[in-house]
Every structure is written in C-alpha cells, then in structure tokens.
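Below, chains carry the letters A, B, ... as their sequence lines are ordered, and counting in each starts from 1. Everything numeric here is computed off the predicted structure, so don't read it as measured data.
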Amino acid sequence: MDEEHFIVALVEDRPGVMQRIAGMLRRRNFNIDSISVGTTEIPGISRITMTVHGDRLTLEQAMKQLNKLIEVVKVSELRQEESVVRELALVKVSVKNERARAEVVQYANIFRARIVDVSRQSMMIEITGDEEKLRAFIELMRSYGIIEIARTGKVIMARGAKSVKTREAK
Amino acid sequence: MAAMKGADAVVQALEREGVEVVFGIPGGASIPLYDSLYSSSIRHILMRHEQGAAHAADGYARVLGKAGVCSATSGPGATNLTTGIANAYMDSSPVIAITGQVATPFIGKDAFQETDVIGITMPITKHNFQVRSVAEIPEVIKKAFHIAQTGRPGPVLIDLPKDMQEGEAEVEFPEEVSLTGYKPTYDGHPRQIKEAAKAILDAERPVILAGGGVIISGASSELMRLAELIPAPVVTTLMGKGSFPESHPLSLGVLGMHGRREANHAVTESDLLIAVGTRFSDRSTGMVSCFAPEAKIIHIDIDPAEIGKNVKAHIPVVGDARRVLRQILQVLEEMKRRGRSKSWIEKVREWKKEFAPKLDYDDVPLKPHRVIKEIMEFLSEDDIVTTEVGQCQMWAHCYMSRSKPRTFISSGGLGTMGFGFPAALGAKVAKPEVKVVDIAGDGSFLMNIQELATAVENGIDVIVAVFDNRYLGMVRQWQELFYDRRYSAVDLGNSPDFVKVAEAFGAFGIRVEKPGEIGDALREAADSGKPAVVDFVIERECNIFPMVPPGKCLKEVIG
C-alpha cells in the first residue's frame, strides 16, 4: 500500500554525506517527499529526517540501502502516531492596507505564529506545526498575496523516554 | 610518531596491508606517489590503459581473495578507471583504487586534469575517501582496506590531492580501525537457522543455488557437506561457478538465461530453494514471477539489502555464507532425519543425462563447443579461466566444467567487454604457477588489446583464446532471434589480423581453423614462453543455446 513513512537517519557529519544519501535514493528509484538535516546532541553526528512514499517493501529497501552507506550510523522508522512531527515555515505576505495588516496579525495569533519582520508592504510570519496546520495557514494567507515561502521540511521525534540512538534496530 | 611525506605514508600503509603489486599508470597528479613507489618493495605493473589496471587489480583480487590495488592520475586517468571500478562493485570484488587529484587549493576551480572523482564514483564504490590532511593518510588507507575486504566486499577509492602527497606531517599507523556505521553481520540468527533446518528436513525437492558469496566466504566444503547430507542437487550462478565441483554427481551446472536445462528445470520444479550468497540477478532468475514458483526460499546473504530486493525470501538469513552453512549443518546433524524419497535425485539425474550437451563437433569453421572442450582438456582444475563478455563468455559459462573456487573469473553483473584479458593478467600475477586462459570474443579482446604490451613487457604469459566470428556475436544473436535478422552495426569485418597483432606486440600468435589443430595450438602457445593469442576461426553465426529469452520463465528454454 502506498503511504507516507518517516525515516530518521543518524549520520556522520562529513563532506559529501548528503550527496551519498541523495544519490543512492535517486539511483534506486525511491521517492522522497521531504528531507531535512541538522546537528544533534552527539558531536559529529547529524540527524536526517526523510519522508518516503511507497509500500512496506519499498520502505524496508530504502532503510537497508541507507544502512549500507558507511557514514550512516543508524536508521529508524518513526511512526507518525507515536511521534511529534513538526515543520517550520517562513511566509512573506503582501499587506496592501491597514485592514489586511490587522487580519494577518489576527490569523497569526490564532495559529500561534509569530510576526518576525514588517515592512510597509509586507509581513513575514514564522509558523511551526504539523503539515495540516501549515497548510491551513498558508491557504488563508493566499488571499493577501504570498510573496515567498521557505519551509524547513519535517522533523520528527518519537514520544517517550527513548531516543533513535537507543532504539533497537529492526 | 615520525614526520613523513604523505606519499611515503601511502606507500608504507600499503606495505603494512600486505600489498605486493599495484597495477597502474602515473600522471601529473600522482608523480609524488610514484616517486615513493620507486623505492618501495611493492611491484608496480605499468598498464597501457587505466581500465586495464582496474580489471587487472580485480582479477588479482578474485584469484587471491584479498584486495587488488590499482592506481591512476587525476582527471582522465581516474575516469578511465571507472568502468573497472563499476565492474568490481557489481561483482563484489575488493579493489582499492588510488587516484591522484589536483592540489586542494585548485579543487573546484576546473584545474588541469581535474574531475570530481569522488562524486563520479560514489554510486560505484562501497565507499570512497578524499584525503584532506597528511596526518589522516594511514587511517584512511586502513579504513579503505577494511571496508573493501570485509562484509560484502567491494571497491574503495582513495583520492589523493597532490599537496597531500607532497606535504609532511607526523603520522601514526593504526593497528585497527573502528567504523561506527559499518558492522557487518557474520553469524546467522539462531531462530532463522532453525527455521532453515526445519524447511530442509521437510523438503521433498530441495535445490541448492550457490552464488559468488560462497566463493568469497570460502564456503565450498560446507556447501558440499550440506549438498551430500540432504542430498540436494546444486546449481550455481555465473559468479558461483567453481564453488561446487561441476564434475560432482549432484552438480547441475549453471542456471539462468544461458544456463543448463537441467539446472533451470530443477529450480523451477523445486519445493525448496536454498540460495547462498546470491543476489538473484535477472540473468539468473529469468522472469521473477515464475522463478521457482513452487519453492519456499531460504536466502542466505551477508548483505541485508539483498534480502527481498529481487526475490521474496521465506526464510532470510543474514550472515556470512560459511558461518551460516556451518550453523545449519550443526542443527541438521542434531535433528532427527526422516527418510526422503529418492525419486527427486533420480529425476534430476535423468535430466542431467538427457540434457548432456554435445561438444565434440568436427565442423569447419570450428564450433565453439569443440574449442571449449579442447581448452577444458588442456587445463587442469587449478588453472584459471577468465572470460570476456558475450557469446564467448556464455559458451564457457554453460559448457566448461570448473571444479574449484576462484578458477573461473568473469564479469557477471556489469558485463564488461574488455574485462577478461587484463583480468587474466591480474590472475597470472596473483598465481604465476598456473596456466591462465582468457576466453575471448574478437570484439571484446579488441577493447583492451593494448594490454598485450603490458603482458609482453612484464613477461605475464597468459593465453588469449579468441572465439573469432567477426561479429558482436551476442547482439547479432538477439537480432537474429528477436529483430528479424536485421544485423544492425554488428559486423566487425576483416580487421585486424590477430596473429599479426600479437606478433607486432612481441607476443606469440597462431590461427586455428581445423578441429584437429586446436590442442596442438594451445600447447604451442603454452610452450612459446610468451603471452599468446590463439585465433580460433569459428562459425560466424553459431548461437549460444540453450537460451531463456528475455522476459521469459526459466523453463521456457529455446534452442
């Protein structure tokens, strides 16, 4: 069954590691919807979050192929229902008049987003949340005129005391 | 700790790894390395094309089961290596490729002879390194050899910027290295071993499918014990040829597109397939949906990513073939065996009799079958056969009996024309005491024929047996069978005269047109004291049969 899966990989923070991962995924025909990378609590180790589309077999193959890369230290699947998924977006909206400005501020408040930059013609809003929340907010902003959107891609972390590092390999 | 030049550190690290031979060609970006090699005990064999260097290192590695080393300069030298690296990657061969690189301040500036060899070789190496400091050289080389030779072996490339070769630093040579992200699994999981043993006891029509992993892990004697204990017939893949003696009563030879009928039949009718160290290549399985349709499949492989990649395994066992087979044997010997009906083995033996191929043709021009037969008689079981790619390879694959591991060296996964001859040179360097014969097609041989100079200059006396039909024969065969005989771009014409070419290089050359002359020509070649080319003029449109047409099931054999 074709569905979205979350893969988290801990990787050595070395030049070219993202190219290795991206190249492998492309040449083996895996579909990646989102990928994000950042440092972790362990020096020299980065965390990559990927969302992959496909059936169970595809997911397993993707994870095994990731594991084969020498600089990939750990690969885990995280289930959405047991985890917190977040994404950050910066949305620049055009605000042509006072009314628009007031409405955008109001919406931002309702979504617990923050206004991080203001000019005479625009506002930049920082919003964090799951995919649904971001989508809803961005939809609302469309009527004002979106100038630019920057999104981080999703990050995911399992609830509870365990970490990806300590989870048993499947 | 001692201050040392980077290039000296490289050479010393190679010596510490037990490297005796490097196949390569120097160039601008690797002169410092070659300066250090000049005063080393390591033998350097100057090849005439870097592709030849990579294949020679690959052939050397496959014969000895340890890393073969090749070297090239930056840019075109490095890109010329890539076919050989890709070939080693597909066939899990431990090749170490060392490339020169422009000095670090020039990297990214499109400097003279600069290419991004790290980027280019990422998908065709098990791993690659670019040295970024002189001090890390010993560790990088230790890691490279460790990665190349353990787990599922594969090529590793080390890119050495020129300033890293020339620079000096305090270096320390580590005794071992640990890689957090690389820990191959060697022992099979006890639960899976038990499952496998149970399935073996329950099977009525078991077949063992042995792949290259059996040879890599040195599991031939365990495989034999298992086959005889069950008892089960054994089929091999191209890469597994030689892992089980083809002279053994339980051997059914090779399976696949140009496999033996008895092997393809047995796999198709089996109710249990014990697959050891194989990745179920499409050339081995035919159409996957009708591959071993009635069989439960036990899949033993050291690479977890091979499990379930091409063929669904019912009982996967991740581990080293030799250790896992030992574990299974141990459990089997403890379990109570029940009597198995002999009818399966009898049936298999009948197929074997029925499908025994005819080889002793007397035709002129020569039938390739006859040439294969005579080469087989010319060689002892310790001698080594390498092959080029195409019809010549498949004639050898299908009809030539091999009984020992590491005596049949062929380009399986990548199917690289031009592999066999330089690989033969590597094989002969690895084992000078045995005869080495490259089973070649005229098309393939031409792709690395320049290495005749390497052979002559270094006294590497191999025999190239050219199956000379003046066609790109395998393509012609497909055009005949599936493209209405429209022979597009396959006729190689009359050039060259291989005997004269051989002689021009200083090698021995002889042409054979009659079946009665084959044996004598081979002996003359061997006695010539030179590298030799034996040009067998074979029937131009002889096909390699049996054949499973592309997209068909293993049982749908033609020819």
Side-chain angles (χ1 to χ4, degrees), chain A residues 5 7-30 32 37 39-48 52 54-77 163-170, chain B residues 86 89-90 92 104 107-108 116-133 136 140 143-144 146-148 150-157 159 161 177-185 189 279 288 299 301-313 316 318:
Chain A
H5 307 278
I7 302 176
V8 171
L10 300 181
V11 306
E12 286 183 56
D13 183 15
R14 294 183 60 93
V17 64
M18 283 301 283
Q19 191 190 347
R20 285 182 205 282
I21 289 172
M24 185 282 291
L25 294 168
R26 175 200 53 77
R27 90 187 166 87
R28 292 203 182 267
N29 248 338
F30 297 116
I32 300 295
V37 59
T39 55
T40 63
E41 76 283 6
I42 315 157
I45 298 287
S46 295
R47 181 176 175 123
I48 297 176
V52 183
D55 57 14
R56 200 75 222 159
L57 255 169
T58 310
L59 169 74
E60 277 171 20
Q61 256 300 305
M63 290 176 62
K64 285 172 173 176
Q65 294 293 349
L66 279 167
N67 246 323
K68 270 177 80 165
L69 300 174
I70 306 288
E71 289 163 343
V72 172
V73 175
K74 181 88 193 235
V75 181
S76 262
E77 184 201 1
S163 76
V164 161
K165 195 175 54 188
T166 54
R167 276 162 64 108
E168 280 295 304
K170 282 192 188 150
Chain B
Y89 184 65
M90 286 290 261
S92 309
T104 42
I107 288 179
D116 174 18
V117 68
I118 292 294
I120 289 172
T121 60
M122 261 181 201
I124 54 169
T125 51
K126 189 169 171 188
H127 195 59
N128 58 20
F129 296 92
Q130 186 169 63
V131 170
R132 295 299 182 102
S133 77
E136 71 173 0
V140 164
K143 280 182 181 169
H146 176 64
I147 292 168
T150 56
R152 177 180 182 175
V156 177
L157 180 136
D159 197 30
V177 284
S178 122
L179 293 142
T180 31
Y182 176 68
K183 300 252 182 324
T185 306
H189 194 290
R279 63 186 174 84
V288 171
H299 189 184
D301 205 286
I302 198 159
D303 181 356
E306 289 305 340
I307 308 280
K309 188 185 80 181
N310 294 346
V311 165
K312 184 178 151 39
V318 175

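Interface remark: Leu10(A) contributes no atoms to any contact with chain B (heavy atom separation under 4.5 Å). Residue contact with chain B, scored on non-hydrogen atoms closer than 4.5 Å, involves the backbone and the side chain of Ile70(A) alike.
By the side-chain contact (heavy atoms from CB on, under 4.5 Å) test, Ile120(B) pairs with Thr79(B), Thr82(B), Thr115(B), sequence neighbours left out.
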Could you pull out every donor-acceptor pair under 3.5 Å between chain A and chain B?
{"residue": "Arg20(A)", "atom": "NH1", "partner": "Asn128(B)", "partner atom": "OD1", "Å": "2.9"}
{"residue": "Arg20(A)", "atom": "NH2", "partner": "Asn128(B)", "partner atom": "O", "Å": "3.1"}
{"residue": "Arg20(A)", "atom": "NH2", "partner": "Asn128(B)", "partner atom": "OD1", "Å": "2.8"}
{"residue": "Gln61(A)", "atom": "NE2", "partner": "Ala305(B)", "partner atom": "O", "Å": "2.6"}
{"residue": "Lys64(A)", "atom": "NZ", "partner": "Pro304(B)", "partner atom": "O", "Å": "3.1"}
{"residue": "Lys64(A)", "atom": "NZ", "partner": "Ile307(B)", "partner atom": "O", "Å": "2.9"}
{"residue": "Lys68(A)", "atom": "NZ", "partner": "Asp303(B)", "partner atom": "OD2", "Å": "2.6"}

